[in-house]
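Keep in mind that the numbers below use all heavy atoms, side chains included, and drop hydrogens, waters and symmetry copies. Counting starts at 1 for both ligands and their atoms, in listed order.
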Amino acid sequence: MRSNPADYDLVAPGNLQTVISLLAEQPGKWLPIAGGTDVMVQYAAGKLTKRNLVSIWNLPELQNIEILPDEIRIGAGCTYTQLREHEIVSREFPLLAQAARWTGGIANQNRGTLGGNIVNASPAADSLPALLAYEAELILVSVRGQRRVPYVGFHTGYKTMDLATDELIEAVCVPRCFADYFHYTRKVGARNAQAISKVCVAAVGRLRVGMNTVIGEVRLALGSVAPVPLRLAELERIVKGKAIDADLLQLVKRQTMAAIQPIDDIRSTAKYRSVVAGNLVAEFLEQLGGGGSRHG
Ligand SMILES: Cc1cc2nc3c(=O)[nH]c(=O)nc-3n(C[C@H](O)[C@H](O)[C@H](O)COP(=O)(O)OP(=O)(O)OC[C@H]3O[C@@H](n4cnc5c(N)ncnc54)[C@H](O)[C@@H]3O)c2cc1C
């Protein structure tokens with residue numbers, strides 16, 4: 001059954017303290033709404049169980065992009081437009097800026113927020129592989145104070161996460177340590193713009209140059225191939241210190257395919273996702289070896 005647009009209550013306290021107090025006083029009653037690009041779609045489809053919405057759109061406390069010496073703290077309420085237009089985000093975290101450019105159309109980028117993408121927790125969400133590759137951490141806030149958790153492990157299963165009902169994501173922190181890394185991302189969808197991904201890869205890496213040039217460090221992350229976005233930590237360990245040659249690329253394809261759990265759905269087949277994921281991780285390493293640079 002489709003919902004009647006008037007069939008919900010919306011309050012907009014306008015500051016973070018009042019919002020988290022409301023979430024704490026009436027646990028589970030209030031659903032935060034930021035840009036509403038997921039919530040209102042669910043609502044219109046009759047899939048929203050909560051009828052009391054508390055707006056966190058434009059809360060000043062969630063809007064900052066703070067540049068610190070060792071990290072950048074991106075307010076969870078920042079939109080894709082803010083991300084893709086931010087000079088330092090674009091320069092130092094191009095995978096995140098590219099994900100912002102890929103997300104929906106311009107109207108969606110003006111409303112959709114990074115915090116909303118994380119909590120909506122779609123396995124196909126575009127910004128999440130980039131957050132994994134950059135080893136992001138989340139600052140969560142409630143009336144009990146703040147806690148900081150690594151983003152890897154935050155999603156515990158399909159649409160489940162380490163977030164209490166009275167908590168909000170306040171900010172996403174990314175360390176400023178990837179200046180000399182090669183950054184690679186690919187989104188494979190039905191078309192170039194406004195498509196949900198069949199497979200999405202975000203990766204960073206650098207070589208260890210010497211008598212024999214080998215892989216120094218890599219971070220590999222994939223979306224749309226499992227119930228949660230995946231970091232391929234085991235494969236990262238396997239390739240470290242290895243020369244990039246044809247044998248390694250074959251091994252990487254096999255290991256990638258073994259590490260993921262893709263499904264058949266309306267957008268693609270498990271088999272297609274599996275082969276493409278393996279090919280893309282191999283392509284990343286090939287380009288890393290060739291000294292290339294790819295952001296999209
Ligand atoms: C036309 C269209 C195209 C789209 N295309 C893409 C795409 O290409 N790629 C993609 O990844 N997504 C896409 N989306 C999905 C959506 O735009 C994103 O997931 C967006 O980031 C959601 O942000 P929001 O602020 O609108 O979230 P909302 O809809 O406001 O909220 C989503 C969920 O997050 C929770 N939430 C929001 N902010 C916080 C916070 N700070 N702390 C705690 N909980 C919070 C809400 O309670 C809700 O459960 C598309 C959506 C539409 C309508």
Report, in ascending order of atom number, the atoms of ligand 1 lying under 4.0 Å from any heavy atom of [X].
X	answer
Gly36	24 (P), 26 (O), 28 (P), 29 (O), 30 (O)
Lys187	8 (O)
Ile33	30 (O)
Leu168	42 (N), 43 (C)
Ala76	41 (N)
Gly115	38 (N)
Trp102	8 (O)
Ala125	11 (O)

Check whether [X] reaches the backbone of [Y] with its side chain - one donor and one acceptor, N or O, closer than 3.5 Å.
X	Y	answer
Gln63	Gly75	no
Tyr8	Leu48	no
Gln109	Thr103	yes
His183	Phe178	yes
Asn52	Asp9	no

Proximity of Asn108 to ligand 1 by residue part, where a heavy atom lies under 4.0 Å: side chain

message: Please work out, at 4.0 Å between heavy atoms, whether the side chain, the backbone, both, or neither of Arg101 comes within that distance of ligand 1.
response: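 Under 4.0 Å from ligand 1, Arg101 contributes no heavy atoms.
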
Could you check [atom] against the protein and tell me its nearest heavy-atom contact, residue, atom and distance included?
atom	result
atom 35 (C) of ligand 1	Val119 CG1, 3.5 Å
atom 23 (O) of ligand 1	Thr113 N, 3.2 Å
atom 16 (C) of ligand 1	Thr37 OG1, 3.2 Å
atom 39 (C) of ligand 1	Ile56 CD1, 3.6 Å
atom 21 (O) of ligand 1	Tyr80 OH, 2.5 Å
atom 31 (O) of ligand 1	Val39 CG2, 3.5 Å
atom 15 (C) of ligand 1	Asp38 OD1, 3.3 Å
atom 7 (C) of ligand 1	Asp126 OD2, 3.4 Å

query: Take atom CG in Asp70; do more than 12 heavy atoms of anything else shown fall under 6.0 Å from it?
result: no

- request: Give, for atom CG of Leu230 and atom CG of Leu235, the distance between the pair rounded to the nearest 0.5 Å.
  value: 11.5 Å

task: Hey, could you give me the CH2/OG distance between Trp102 and Ser197, rounded to the nearest 0.5 Å?
output: 9.0 Å

- prompt: Between Glu217 and Tyr181, do the side chains contain an N or O donor and an N or O acceptor separated by less than 3.5 Å?
  reply: no

- request: Decide whether Thr79 and Asn110 meet the rule of one side-chain donor and one side-chain acceptor closer than 3.5 Å.
  value: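 The criterion, which ignores hydrogens and geometry beyond distance, is not satisfied for Asn110 and Thr79.
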
field: Nearest heavy-atom neighbours spanning Val39 and Pro32
entry: CG2-O, 4.3 Å

Proximal candidate to atom 3 (C) of ligand 1 [heavy atom criterion; set Ser55, Ser127, Ala34, Gly104]: Gly104

message: Yes or no: does Ile196 have any heavy atom under 4.0 Å from an atom of ligand 1?
response: no

query: Is the shortest N/O to N/O distance between Leu31 and ligand 1 below 3.5 Å?
result: no

- request: Report yes if some N/O of Gly112 lies less than 3.5 Å from some N/O of ligand 1; otherwise report no.
  value: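 Such a contact does not occur with ligand 1.
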
query: Is it true that Phe93 and His86 have ring centroids separated by less than 6.0 Å?
result: no

query: With a distance cut-off below 6.0 Å to the six-membered ring centre and an angular limit of 45° from the axis, does Arg111 pair with Trp57 as a cation-pi contact?
result: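 So Arg111 does make the cation-pi contact.
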
